[in-house]
Protein chains: 2
Amino acid sequence: MMTSAKTELIPPDAELVRVIADPLRLQIVTLLARETLCTTHLVEETGARQTNLSNHLRVLREAGVVDTEPCGRFTYYKLRPDVLATLAGSFTALAETARTTAATDRKRPCP
Amino acid sequence: MMTSAKTELIPPDAELVRVIADPLRLQIVTLLARETLCTTHLVEETGARQTNLSNHLRVLREAGVVDTEPCGRFTYYKLRPDVLATLAGSFTALAETARTTAATDRKRPCP
DNA sequence: TGAGAATATCAGCCCATGATGACATCAGCC
DNA sequence: GGCTGATGTCATCATGGGCTGATATTCTCA
């Protein structure tokens with residue numbers, strides 16, 4: 001294959017990783033990956049308070065991780081697969097770069 | 001292939017994500033993906049204090065993200081590609097599950 | 001239209017955790 | 001051996017961010 005020798009590694013979006021790193025938010029993301037849910041479902045599933053969940057959902061919404069879809073007086077939350085796919089791609093690229101670095105034992109000499 | 005219809009989605013390791021989510025630590029990981037470095041190099045590259053870096057490196061070490069390799073009075077830090085690869089795989093699985101959920105519009109009915 | 005449910009918003013508390021400084025340790029070199 | 005530079009450890013401090021309670025808003029249904 002003809003990948004350029006020095007591929008411009010695009011690191012994972014730090015802000016996105018920070019948003020997803022919270023345990024409750026990661027749980028929400030995992031739940032939403034399987035099925036679209038509304039806040040009530042998430043309250044049942046996680047056991048967290050409604051207010052707490054609503055705050056976290058806002059963070060996820062503002063970070064572009066989830067989309068909302070009103071349905072009567074309920075609000076459905078659905079994951080945006082492309083955002084997660086991009087993140088996954090960044091980590092895959094990191095892992096592959098690291099593998100090459102390890103395989104070729106590339107290291108900067110001690111000063 | 002004979003995967004069961006309901007693949008058991010293994011979510012990303014929350015602790016690992018938390019460790020990598022810190023901006024400085026993510027920067028360290030990105031730098032180490034390209035080449036193995038010792039603390040002195042990381043101080044130059046990041047501009048952070050040596051003490052601060054040492055603390056973050058300990059976190060990364062204890063989380064199994066990096067390995068250390070003493071070299072005289074220097075200490076080389078190298079990334080463990082498998083750990084990142086596993087993490088990437090978890091996010092890829094999440095993204096694919098989410099894509100299926102979106103494509104088939106799978107949602108839990110309002111109560 | 002009034003009641004009640006579902007959800008969002010806001011202010012405040014408080015704790016986890018990142019940053020820093022002082023000190024300890026260890027290796028190499030004179 | 002003594003010095004110097006590289007690195008790790010510890011105690012402390014400060015701030016960001018998560019949790020909560022009170023309240024607002026909006027929708028459904030009787």
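Chain identifiers are assigned alphabetically (A, B, ...) following the order of the sequence lines, protein sequences preceding nucleic acid strands; residue numbering begins at 1 within each chain. All values derive from a computational prediction rather than experimental measurement.
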K.L.:
Could you state the CG-C1' distance from B/N52 to D/dA14, rounded to the nearest angstrom?
P.N.:
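Whole-Å distance recorded here is 14 Å.
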K.L.:
State, with a plain yes or no, whether a side-chain heavy atom of A/L94 is found less than 4.5 Å away from one of B/R34.
P.N.:
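No, their side chains stay 4.5 Å or more apart.
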K.L.:
Specify the separation, in whole Å, of atom CD of B/E69 and atom C1' of D/dT7.
P.N.:
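From B/E69 CD to D/dT7 C1': 16 Å.
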K.L.:
Separation of B/R49 atom CZ from C/dA22 atom C1', in whole Å?
P.N.:
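It is 13 Å, rounded to the nearest whole Å.
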K.L.:
Is there a side-chain contact between A/Y77 and A/L57 in this structure, where contact means two heavy atoms from C-beta onward sitting under 4.5 Å apart?
P.N.:
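They are in contact (side-chain heavy atoms under 4.5 Å apart), so the answer is yes.
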K.L.:
Does B/H56 put a side-chain nitrogen or oxygen below 4.0 Å from OP1 or OP2 of C/dA19?
P.N.:
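B/H56 to C/dA19 OP1/OP2: side-chain N or O found under 4.0 Å.
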K.L.:
How many angstroms lie between NZ in A/K107 and OG1 in A/T101, if you round to the nearest 0.5 Å?
P.N.:
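Taking NZ in A/K107 and OG1 in A/T101, the distance rounds to 12.0 Å.
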K.L.:
Whole angstrom is fine here: how far is it from CG in B/L53 over to P in D/dT7?
P.N.:
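Distance, rounded to whole Å: 10 Å.
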K.L.:
Using whole Å, what does the distance between atom C1' of nucleotide C/dT17 and atom CG of B/L60 come to?
P.N.:
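Value for this atom pair: 15 Å.
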K.L.:
Within the distance-only criterion (no hydrogens, no angle test), does the side chain of B/S90 pair as donor or acceptor with the backbone N or O of B/T86 below 3.5 angstrom?
P.N.:
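Pair found, side chain donor or acceptor close to backbone of B/T86.
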K.L.:
Touch check for A/N55, heavy atoms < 4.0 angstrom, all strands: base, sugar-phosphate only, or nothing?
P.N.:
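Base, at least one base heavy atom under 4.0 Å.
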K.L.:
Specify the separation, in whole Å, of atom CG of A/D22 and atom C1' of C/dT17.
P.N.:
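Checked: the CG to C1' distance equals 14 Å.
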K.L.:
Take atom CG of A/L24 and atom P of D/dG18, then tell me their distance rounded to the nearest Å.
P.N.:
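Result: 10 Å.
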K.L.:
In the strands shown, is C/dC30 matched to any nucleotide by a Watson-Crick or G-U wobble pair with both distances under 3.5 Å, and which?
P.N.:
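For C/dC30, the partner nucleotide comes out as D/dG1, under the 3.5 Å rule.
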K.L.:
For C/dG18, does either OP1 or OP2 sit under 4.0 Å from a side-chain N or O belonging to B/R25?
P.N.:
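Indeed, a polar side-chain atom of B/R25 lies that close.
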K.L.:
Nearest 0.5 angstrom please: B/L60 CG to B/L79 CG, how far?
P.N.:
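It comes to 8.5 Å.
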K.L.:
Do the ring planes of B/Y76 and B/H41 sit parallel (below 30°), tilted (30 to 60°) or perpendicular (above 60°)?
P.N.:
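If you compare the ring of B/Y76 with that of B/H41, the planes turn out tilted.
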K.L.:
Take nucleotides 1-8 of chain C nucleotide by nucleotide from the 5' end and write B, S or -, depending on whether a protein heavy atom sits under 4.0 Å from the base, only from the sugar-phosphate, or from neither.
P.N.:
---BSSBB
K.L.:
Looking only at side chains, do B/R25 and B/H56 share a donor and an acceptor under 3.5 Å apart?
P.N.:
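Note: B/R25 and B/H56 side chains meet the donor-acceptor criterion.
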